[in-house]
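Excluded from the calculations below are hydrogen atoms, water molecules and symmetry mates; all remaining heavy atoms, backbone and side chain alike, are included.
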Amino acid sequence: MASRRELIRMTDAEVAGFLAAERTMSVATLGPGGRPHLVPLWFVPGPTLSTWTYGSSQKVANLRRDPRATVLVEAGESYEELRGVSMECDVALVEDEAGVVRIGSALLHRYSGSEEAATAAAQFVRAQAAKRVGLVFTPTRVTSWDHRKLAGTY
């Protein structure tokens, strides 16, 4: 019989579908004193997760010192509904304007829900890009769980 852990693990396709459906990731970086610095961010899913943030933010300062982060995306209102993905990631900072604009445009498209809205906001994205840094999270370890697979039995 498979272990309980194996029963709730998501397949790669399930992980991709889950990340595509969810909207907020929690990102933990290490602050200057060594304690976790935890922030929620919107993201663009794919083989990597991409987002942008202000270049002067604490998370960017942390990532300049140590370009590693842990990302958590979770859902569920009760124990039997819990599902999530935790990823240990290497993080690349994107500082060229074209790269930051690409990420900002992708975020706007994803969260506005339409190409038209993203296109209309292109000037806003270009103006913001000068103050922002793109973040690309490349998973090095992925852990997933979907308690719904247990069908209420524990």
Is any side-chain heavy atom of [X] less than 4.5 Å from a side-chain heavy atom of [Y]?
{"X": "T53", "Y": "V60", "answer": "yes"}
{"X": "M25", "Y": "F137", "answer": "yes"}
{"X": "I103", "Y": "V94", "answer": "yes"}
{"X": "R65", "Y": "P32", "answer": "yes"}
{"X": "V27", "Y": "L38", "answer": "no"}
{"X": "T51", "Y": "L107", "answer": "yes"}
{"X": "M87", "Y": "T140", "answer": "no"}
{"X": "W52", "Y": "V125", "answer": "yes"}

Original post:
So does R68 have more than 12 non-hydrogen atoms from other groups sitting under 6.0 Å from CZ?
Top reply: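 For R68, atom CZ is not crowded (no more than 12 foreign heavy atoms under 6.0 Å).
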**OP:** Tell me, yes or no, whether the heavy-atom count around D12 atom CG, taken from other residues, nucleotides or ligands under 6.0 Å, exceeds 12.
**Re:**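 Atom CG in D12 is not crowded, with 12 or fewer foreign heavy atoms closer than 6.0 Å.
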How many angstroms lie between [atom1] in [X] and [atom2] in [Y], if you round to the nearest 0.5 Å?
{"X": "D146", "Y": "E81", "atom1": "CG", "atom2": "CD", "answer": "10.5 Å"}
{"X": "H147", "Y": "S78", "atom1": "NE2", "atom2": "OG", "answer": "10.5 Å"}
{"X": "M10", "Y": "F18", "atom1": "CE", "atom2": "CZ", "answer": "5.0 Å"}

**OP:** May I ask you to check if R23 and F43 form a cation-pi contact, with NZ or CZ under 6.0 angstrom from the six-membered ring centre and within 45° of the axis?
**Re:** no
For the student: nearest non-hydrogen atoms of [X] and [Y], plus distance:
{"X": "S86", "Y": "T70", "value": "OG-CG2, 3.9 Å"}
{"X": "N62", "Y": "Q58", "value": "OD1-NE2, 2.7 Å"}
{"X": "A20", "Y": "P45", "value": "CA-CG, 3.9 Å"}
{"X": "R110", "Y": "E22", "value": "NH2-O, 2.7 Å"}
{"X": "L63", "Y": "A69", "value": "CD2-CB, 4.4 Å"}
{"X": "V133", "Y": "G55", "value": "CG2-CA, 3.5 Å"}

Original post:
After noting the C-alpha distance and the side-chain angles of L49 and L19, does the key distance pass the side-chain contact (heavy atoms from CB on, under 4.5 Å) rule?
Top reply: CA-CA 9 Å; L49 304 179; L19 293 174; 4.2 Å; yes
Would you say [X]'s side chain and [Y]'s backbone share a donor-acceptor pair under 3.5 angstrom?
{"X": "H37", "Y": "L30", "value": "no"}
{"X": "R132", "Y": "G104", "value": "no"}
{"X": "S57", "Y": "Y54", "value": "yes"}
{"X": "K149", "Y": "R9", "value": "yes"}

**OP:** Have a look at W145 and tell me which of I8, V85, L7 forms a side chain to side chain contact (heavy atoms under 4.5 Å, CB included) with it.
**Re:**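 Running side chain to side chain contact (heavy atoms under 4.5 Å, CB included) over I8, V85, L7 with W145 returns exactly one hit, I8.
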